[in-house]
2 protein chains.
Amino acid sequence: MGSVADALVRISRLVDRVFTEVAREQGLTPQQVHLLCLVDARAVGMKELAEALDLEKSSLTGLVDRVARRRLVTRIPDEHDRRACRVTVTDEGARVSAICHREVVRRLEAMADHMADADKQTLAKLVAQLSD
Amino acid sequence: MGSVADALVRISRLVDRVFTEVAREQGLTPQQVHLLCLVDARAVGMKELAEALDLEKSSLTGLVDRVARRRLVTRIPDEHDRRACRVTVTDEGARVSAICHREVVRRLEAMADHMADADKQTLAKLVAQLSD
DNA sequence: TATTGTTATACTCTATAACTATA
DNA sequence: TATAGTTATAGAGTATAACAATA
């Protein structure tokens, strides 16, 4: 077809595939890696995390449970609200998160290998405009 | 960050969200809609379908079962190989597939609403280059 | 023997509804 | 009363391994 939308859908499938592949090599699901990457920068509350991942809070509970069982994240009590907790990465979690991020980026950049540098820059800029 | 890869990952998440939303409005899962769209053009064998969806054949069996239960696809025997079958859309399946495709495209195009036409064309072209 | 597809089984992912504890 | 998070439950998605039927 050639429309922007069709191109985006195709790309999205490709990215998913790469993401799933990388996650699997670490013994994780793509959802678990998404979670890991989100809490890598800072401790995040369950509510905020659920919104970022577009999940019901009850779905997130289980997801965090499973990643915590693998010792990649932990729940810490929120200092200002005794109902709440915040999810943080462990050292091992940070390590795995970094590996996944690096590998995903590496493989996606490889997909753009045959493109001219100028085109790559243009693409990055235009795609960034979309997600504003 | 601003790298191509990071932009692609962000876009992929956006597309996923749109796709899931549209599927849900039709009472379907995104996986079921992907299946539906793939068999919309022509009857496809289970093996080819599994490869296109990046699924194990056993996973596909269940997925097709569930979509068939909703009367959106049917299995027809392969004329040349009595082990095999091909999956085809029903009239209702074609209808739903068309709605989903139209809605996904509409919402994704809307995301690019604020872009100049020239930029949209450039984006479509560059993204197409990636998935070659 | 190899291939196409299904079945059996076990987990993961997800939503809805009801619940607990705190704000 | 409202909010943060969990639990209970049910259904969907997925992989692995074993299987049936046909090539």
Side-chain angles (χ1 to χ4, degrees), chain A residues 13 16-17 19-39 43-70 72-88, chain B residues 13 16-17 19-39 43-88 96:
Chain A
R13 302 283 288 161
D16 273 350
R17 198 172 284 217
F19 209 94
T20 301
E21 187 179 282
V22 168
R24 193 161 215 226
E25 289 167 11
Q26 301 299 316
L28 299 171
T29 65
Q31 293 90 342
Q32 291 170 355
V33 173
H34 278 303
L35 169 63
L36 211 49
C37 291
L38 273 176
V39 298
V44 186
M46 295 292 283
K47 183 187 174 63
E48 183 183 348
L49 211 43
E51 278 161 10
L53 289 167
D54 202 24
L55 286 178
E56 289 301 317
K57 53 190 180 175
S58 61
S59 304
L60 183 59
T61 295
L63 183 57
V64 171
D65 283 348
R66 289 182 292 273
V67 181
R69 202 166 62 211
R70 287 175 165 75
L72 301 178
V73 300
T74 53
R75 285 174 173 94
I76 57 175
D78 186 301
E79 294 153 16
H80 307 297
D81 186 341
R82 291 200 342 236
R83 295 169 305 182
C85 66
R86 292 188 306 154
V87 182
T88 60
Chain B
R13 302 283 288 161
D16 273 351
R17 197 171 284 217
F19 209 93
T20 301
E21 188 179 282
V22 168
R24 194 161 214 225
E25 288 167 11
Q26 300 300 317
L28 299 171
T29 65
Q31 293 90 341
Q32 291 171 355
V33 173
H34 278 302
L35 169 63
L36 212 48
C37 290
L38 273 176
V39 298
V44 186
M46 295 293 281
K47 182 187 174 63
E48 182 183 347
L49 210 44
E51 277 160 11
L53 289 168
D54 203 24
L55 286 179
E56 288 300 318
K57 54 190 180 176
S58 61
S59 305
L60 182 60
T61 296
L63 183 57
V64 170
D65 283 348
R66 288 182 292 272
V67 181
R69 203 165 62 212
R70 286 176 165 75
R71 312 276 186 209
L72 301 178
V73 300
T74 53
R75 286 173 173 94
I76 57 174
D78 185 301
E79 294 153 16
H80 307 298
D81 185 340
R82 290 198 347 233
R83 295 170 305 181
C85 66
R86 292 187 307 154
V87 182
T88 61
V96 172

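Chain letters run A, B, ... following the sequence lines, proteins first and then strands; every chain starts at 1. Side chains included, hydrogens not; waters and symmetry mates left out as well; all remaining heavy atoms used.
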(request) Kindly determine whether B:L28 and B:L72 satisfy side chain to side chain contact (heavy atoms under 4.5 Å, CB included), including the steps that lead there. (result) CA-CA 11 Å; B:L28 299 171; B:L72 301 178; 3.8 Å; yes

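Applying the salt bridge (Lys or Arg N to Asp or Glu O under 4.0 Å) test to pairs two or more places apart or on separate chains, those with a residue in residues 54-63 of chain A are A:D54-B:R17. Sorted by first and then second residue, the salt bridge (Lys or Arg N to Asp or Glu O under 4.0 Å) pairs involving residues 67-79 of chain B (not counting sequence neighbours) are B:D65-B:R75.
When each of A:T88, A:V67, A:V44 is paired with A:V39, the side-chain contact (heavy atoms from CB on, under 4.5 Å) condition holds for A:V44 and for no other.
The residue A:R86 sits apart from the nucleic acid: no heavy atom pair falls under 4.0 Å. Counting any heavy atom pair closer than 4.0 Å across all strands shown, B:T61 reaches a base atom.
At least one side-chain heavy atom of A:M46 sits under 4.5 Å from a side-chain heavy atom of A:C85. Within the 4.5 Å cutoff, the side chain of B:L53 has heavy atoms near those of the B:L60 side chain.
A:Q32 contributes a side-chain N or O that, together with a main-chain N or O of A:T29, makes up a donor-acceptor pair within less than 3.5 Å. Using modelled atom types, no side-chain atom of B:Q26 and backbone atom of B:A23 make a donor-acceptor pair closer than 3.5 Å.
Rounded to the nearest 0.5 angstrom, B:R24 CZ and B:E21 CD are separated by 10.5 Å.
Evaluation of the side chain to side chain donor-acceptor pair (under 3.5 Å) rule for B:S59 yields no partner, not counting sequence neighbours.
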Could you pull out the protein-nucleic contacts involving nucleotides 20-23 of chain D (nitrogen or oxygen on both sides, under 3.5 Å)?
unit_1: D:dT22; atom_1: O2; unit_2: B:R83; atom_2: NH1; d: 3.4
unit_1: D:dA23; atom_1: OP1; unit_2: B:R82; atom_2: N; d: 3.0

Could I get a table of every N or O pair under 3.5 Å where one atom is in the protein and the other is in nucleotides 14-17 of chain D?
unit_1: D:dA15; atom_1: OP2; unit_2: B:E56; atom_2: N; d: 2.9
unit_1: D:dA15; atom_1: OP2; unit_2: B:S59; atom_2: OG; d: 2.9
unit_1: D:dA15; atom_1: O3'; unit_2: A:R24; atom_2: NH2; d: 2.5
unit_1: D:dA15; atom_1: N7; unit_2: B:S59; atom_2: OG; d: 3.2
unit_1: D:dT16; atom_1: OP1; unit_2: A:R24; atom_2: NH2; d: 3.2
unit_1: D:dT16; atom_1: O4; unit_2: B:S58; atom_2: OG; d: 2.5

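The span of DNA chain C lying next to chain A, judged by atoms under 4.0 Å from heavy atoms, is bounded 5' to 3' by C:dT12 to C:dA23.
Atom CG in A:L60 sits about 13 Å away from atom P in D:dA4, given to the nearest Å. Distance, B:F19 CZ to D:dG13 P: 13 Å, rounded to whole Å.
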